[in-house]
Peer 1: 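Take a look at the following structure, please.
Just so you know, ligand 1 is whichever comes first in the structure, and atom 1 is the first atom listed for that ligand. If you're wondering where the values come from, they're calculated on a predicted model, not measured in any experiment. Only heavy atoms go into these numbers, but all of them, side chains included; no hydrogens, no water, no symmetry mates.
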Amino acid sequence: MVCKNKEITILREFQSRNEGLKHLQKMTLEQKINLSKNLILNCIETFGDQKVYISFSGGKDSAVLSSLACSLKPSILHLFSDTGCEYPETLAFIEAERQRGKNIVSVYPICRDGSMWTFERIVATYGYPLFSKAIANGIRTYRHAKTPITKQHALDYLARMYPKALSYLDCNISDLCCEKLKKSPLKRTARHMQMQCSIIGTLAEESQIRKRDWITYGSNIFFQKKDNQCRPLSFWTSQDIWSYIKLYRLPISILYNQGYKRNGCMYCGFGVCSERRKFGINRFERLAQTHPQQYKYMVSRWASLFKECGIPY
Ligand code: SF4
């Protein structure tokens, strides 16, 4: 029996999907858990339980996603992208989850010629992931444009959307890191294992892009884009994630006890600029306190770039 997507049924009651999202976000935790499980079930029944996988980062949202999915299918495959610049606490958490019986396969960023991509090699080859993906994309396009028209378009885009970024046009910045270290290896492995749909733990409230994407497609995007995706936590808030963790005493990485708001990669510069304003300290400054060895390595390589770009470290 195919499980109907309840989210679509609920959304029919609303004039706009924006209103529908607000309604879903206001539901109780119990209602959200039920709806999320229904979305995962819908995914499993559409593609088969051997053809879907959890995109697992080792962060708190991923931990909740894994808990919900494992309550339906305990042996469900988790693919973890080990970028080589994960916090040691993330790797320890992944190992602990394996010990608790989770089916986790690590994926590594191996180049077509068999060599390994490292963060340092990515920065040397393409540029540092700094500011935001959109800004880094604009700067990379400007710096490596093949035609004067492309260069001008990149310049116009940055001037219109991010005028401050015009000061950093000569800096070695790029948006390609995630593609090379994370997304491509994950997709290649999933293809190799004949997976048909990824289950990911993103929240619509995280960014305008994610919200707009949910409004267009909803949580389960099947047979619409190149890749099928199930995003059953889309309408959860960060507060819901913490409530679930507390309610079910869910183990999470100890990184969160050290003041970190998210796991991710140790040297990633995406989003770093707004952290001081929000939290009084940015992730690089925190790294100096919690992981002095890794901090020393980072500064020895990229302090001049941080200075050039006005990033406190
Ligand atoms: S999170 Fe940042 S450092 Fe990690 S792979 Fe993506 S861009 Fe690179």
Side-chain angles (χ1 to χ4, degrees), residues 54-63 65 78-91 93-94 106-112 115-141 143-144 162 165 168 171-190 198 200-203 206-207 209-210 227 229 253 255-256 260-275 282-288 290-291 293-295 297-303 305-306 309 311 313:
I54 304 232
S55 182
F56 193 59
S57 71
K60 60 181 174 20
D61 303 350
S62 256
L65 178 67
H78 297 53
L79 291 183
F80 166 65
S81 206
D82 186 345
T83 58
C85 55
E86 305 294 328
Y87 289 93
E89 289 80 359
T90 303
L91 298 177
F93 176 69
I94 296 290
S106 293
V107 175
Y108 301 97
I110 298 169
C111 213
R112 289 196 190 281
S115 62
M116 192 80 103
W117 279 110
T118 61
F119 182 76
E120 193 166 341
R121 187 175 164 200
I122 291 284
V123 175
T125 312
Y126 298 106
Y128 204 102
L130 210 54
F131 300 120
S132 70
K133 282 186 188 171
I135 292 176
N137 176 276
I139 293 178
R140 172 179 63 87
T141 309
R143 282 166 61 83
H144 302 285
Y162 309 101
Y168 309 115
C171 299
N172 181 32
I173 291 170
S174 153
D175 60 328
L176 288 180
C177 180
C178 244
E179 193 55 46
K180 300 284 172 190
L181 280 188
K182 221 182 242 187
K183 291 183 186 166
S184 292
L186 205 61
K187 280 186 192 166
R188 213 177 308 135
T189 306
S198 58
I200 60 177
T202 50
L203 317 185
E206 281 169 329
S207 70
I209 293 178
R210 290 201 168 150
D227 297 308
Q229 277 186 350
S253 165
L255 208 55
Y256 294 104
Y260 286 93
K261 304 294 172 201
R262 41 188 311 140
N263 60 340
C265 301
M266 281 186 288
Y267 313 127
C268 189
F270 284 154
V272 73
C273 294
S274 58
E275 287 178 339
N282 74 26
R283 74 191 70 162
F284 295 160
E285 294 166 317
R286 200 181 292 285
L287 191 71
T290 57
H291 299 72
Q293 211 182 318
Q294 287 88 342
Y295 174 78
Y297 163 81
M298 180 183 79
V299 167
S300 73
R301 298 315 192 265
W302 301 296
L305 176 69
F306 297 160
C309 296
I311 309 287
Y313 61 92

Peer 1: Y162 and F131: aromatic ring centres closer than 6.0 Å?
Peer 2: no
Peer 1: Tell me how many protein N, O or S atoms are closer than 2.8 Å to atom 6 (Fe) of ligand 1.
Peer 2: 1
Peer 1: Under 4.0 Å from any heavy atom of F119, which atoms of ligand 1 are there?
Peer 2: 3 (S)
Peer 1: Would you name the heavy atoms of L255 and E89 that are closest together and state the gap between them?
Peer 2: CD1-OE1, 3.7 Å
Peer 1: Which atoms form the tightest heavy-atom contact between C111 and R121, and what is the distance?
Peer 2: SG-NH2, 3.9 Å
Peer 1: Just wondering, are more than 12 heavy atoms of other shown residues or ligands nearer than 6.0 Å to CZ in R262?
Peer 2: no
Peer 1: What class does the angle between the rings of F119 and Y128 fall in, given that below 30° is parallel, 30 to 60° is tilted and above 60° is perpendicular?
Peer 2: perpendicular
Peer 1: For K183, give me all partners under side-chain contact (heavy atoms from CB on, under 4.5 Å), at least two apart in sequence or on another chain.
Peer 2: K133, E179
